[in-house]
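By convention in this document, chain letters (A, B, ...) are assigned in the order of the sequence lines, proteins followed by strands, and residues within each chain are numbered from 1. This one's a predicted model, so the numbers in the text were calculated from it and none came from an experiment.
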Protein chains: 2
Amino acid sequence: MTSAGRQSWRDLRDHIRGRILDQTFRPGDKLPRDEDLAQEFQCARTTVQRAMQALVDDGLVERKRKGGTTVRPDPVTRTTLDIPITRAEIEARGHGYRHHLIDRSTPEAPATIAARFGTPDPGKLLRLRALHLADGQPYVFEDRWVSFDTVPEIAAVDFSQVSSNEWLVRNRPYSRCEVQIYASPCTADEAAIMEVEPGTAMLVLERTTWLDEAPITHVRALHAPGYRLITGEARPGKLAR
Amino acid sequence: MTSAGRQSWRDLRDHIRGRILDQTFRPGDKLPRDEDLAQEFQCARTTVQRAMQALVDDGLVERKRKGGTTVRPDPVTRTTLDIPITRAEIEARGHGYRHHLIDRSTPEAPATIAARFGTPDPGKLLRLRALHLADGQPYVFEDRWVSFDTVPEIAAVDFSQVSSNEWLVRNRPYSRCEVQIYASPCTADEAAIMEVEPGTAMLVLERTTWLDEAPITHVRALHAPGYRLITGEARPGKLAR
DNA sequence: AAGTGGTCTAGACCACTGA
DNA sequence: CAGTGGTCTAGACCACTTG
């Protein structure tokens, strides 16, 4: 049971993870106190902390003061999803990027949009509809609403030059983001824009972002058939684990 | 520019994040060395490390030894996606759960599955097709392949009692997981099982898991129309941030 | 070769939270 | 109120990476 002479929080993390994988520790079980683990592994408690923090991030264990560390009783498959700027994504695939502003208006905010922002009155909104193309083929159609109150500068931006997607991500980072992903049949309007048959199965990503409770933008992005979201691989910018 | 008397790595993280948000630090910019920040903030370098680690996890900055800390030049929208066990998900919505094993076989592994596992020969595989129902309505149809080599016990499990989904997640956690998400029109076969019209837009989640290079399972899960994947909100089991 | 982040230690005190 | 995790410190050494 005991182990000797290890080093690095990674080793400890892997050891504990191994004990969870091989069922030595089962869901709901309580793990030893940090201090006992530190003694067992001949390391400082800080190192145990570091290992535990990684396990918490992975969703494998839960920790509570006084309550100790327990294996999560409800296993989940946890992955990280990175959604790049559409232009960068297309160029990374080696395709030529182009985008096209379809229209720009300031209509009344529909109730659905207000609901997404979580406020009864989201204030005055700018609506932008745009198409991103990869090698001239429709790639993503986005229907976006931007808050004038939170992002007043938006009025002066020329979106025939920069896409609203890119401008916002680069200039107005968010503090909170909610994403919804679903499949939806293409409407006639959308089909005409995306150059597909009406009713075609499309992957839709809806993103809503806030800066400290203040709504920034809500966007519904329709992806061309064949598009796949991929998660879980190498995570650049993340600590090697 | 300087700030005094702060405390906690969270404050430092928020401060830096604020400087990135308000464009004091722009994408590609280099941040001060840890030691300088530590001095500026009157804290130990360890505390700076902790704050930086959080920013790396959030995808806001990159760090390299000798290269220093830089603001990521390619902003991404990073979210965490938790995929629960289907039974738990249905019950959490207040619906009654039932599942139904459609068939169980041991066919030759198609090339597509081998490719997903990343090995020319994934060994002998068990194929399971099952339907999960919420209040008697088709909810998820899963088409699963399980490696006999990696999971020999699978042969003895009675999947009319426990779903393969739940059995695997509970008994055979993985060390690596890759997820692909896309929209797909329902085939005639699938339509009959899911009780929808052929061609209906369905959200598909494909998951492949390994235990240290050894393939465990690959599953293609078709979700009923209306299903939405939601990310980004409260993350139980994750450090409060 | 030198600079910068990565990790570790030993000890201290704080902040929850369960008994 | 007592036990356990959370955070912080000051200092040390290591490991990468760039000039």
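- To the nearest angstrom, P of C:dG6 lies 20 Å from CG of A:L12.
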Under 4.0 Å protein heavy-atom contacts per nucleotide of nucleotides 11-19 of chain C, with B for base, S for backbone only and - for none: BB--BBBB-
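- Listed candidates were C:dG5, D:dT9, C:dT7. Nearest to the side chain of B:T69 is C:dG5.
- Note on B:D29 versus B:R26: no salt bridge recorded, every NZ/NE/NH1/NH2 to OD/OE distance being 4.0 Å or above.
- Note: CG (B:D34) to C1' (D:dA10) measures 15 Å, nearest angstrom.
- Regarding A:W9, its CH2 atom lies at a distance of 11 Å from the P atom of C:dG6, rounded to whole Å.
- Contact annotation: A:T47 side-chain N/O to C:dT7 OP1/OP2 distance is not under 4.0 Å.
- Between A:F41 and A:H15, the ring center distance clears the sub-6.0 Å criterion.
- Between the NZ atom of A:K30 and the P atom of D:dG5 there is a distance of 8 Å, given to the nearest Å.
- Between the CZ atom of A:R50 and the P atom of C:dA10 there is a distance of 19 Å, rounded to whole Å.
- Under the 3.5 Å distance criterion, the side-chain polar atoms of B:T217 are matched with a main-chain donor or acceptor of B:W145.
- Between the CD atom of B:Q39 and the P atom of C:dT4 there is a distance of 14 Å, rounded to whole Å.
- A:E35 comes within contact range of no nucleotide atom at all, as no heavy-atom separation falls under 4.0 Å.
- Between B:R63 and C:dG6 there is a side-chain polar atom (N or O) within less than 4.0 angstrom of OP1 or OP2.
- Per the geometry, CZ belonging to B:F41 stands 18 Å off P belonging to D:dT7, to the nearest Å.
- Around the CD atom of A:E91, the shell of radius 6.0 Å holds more than 12 heavy atoms that belong to other residues, nucleotides or ligands.
- A side-chain donor-acceptor contact under 3.5 Å links A:T150 to the backbone of A:P215.
- B:E206 and B:Y182 are linked by a side-chain donor-acceptor pair at a separation below 3.5 angstrom, with hydrogens and angles left out of the test.
- B:D22 and B:T24 share a side-chain donor-acceptor pair at under 3.5 Å.
- Nucleotide C:dT7 holds its P atom 11 Å from the CD atom of A:Q53, rounded to whole Å.
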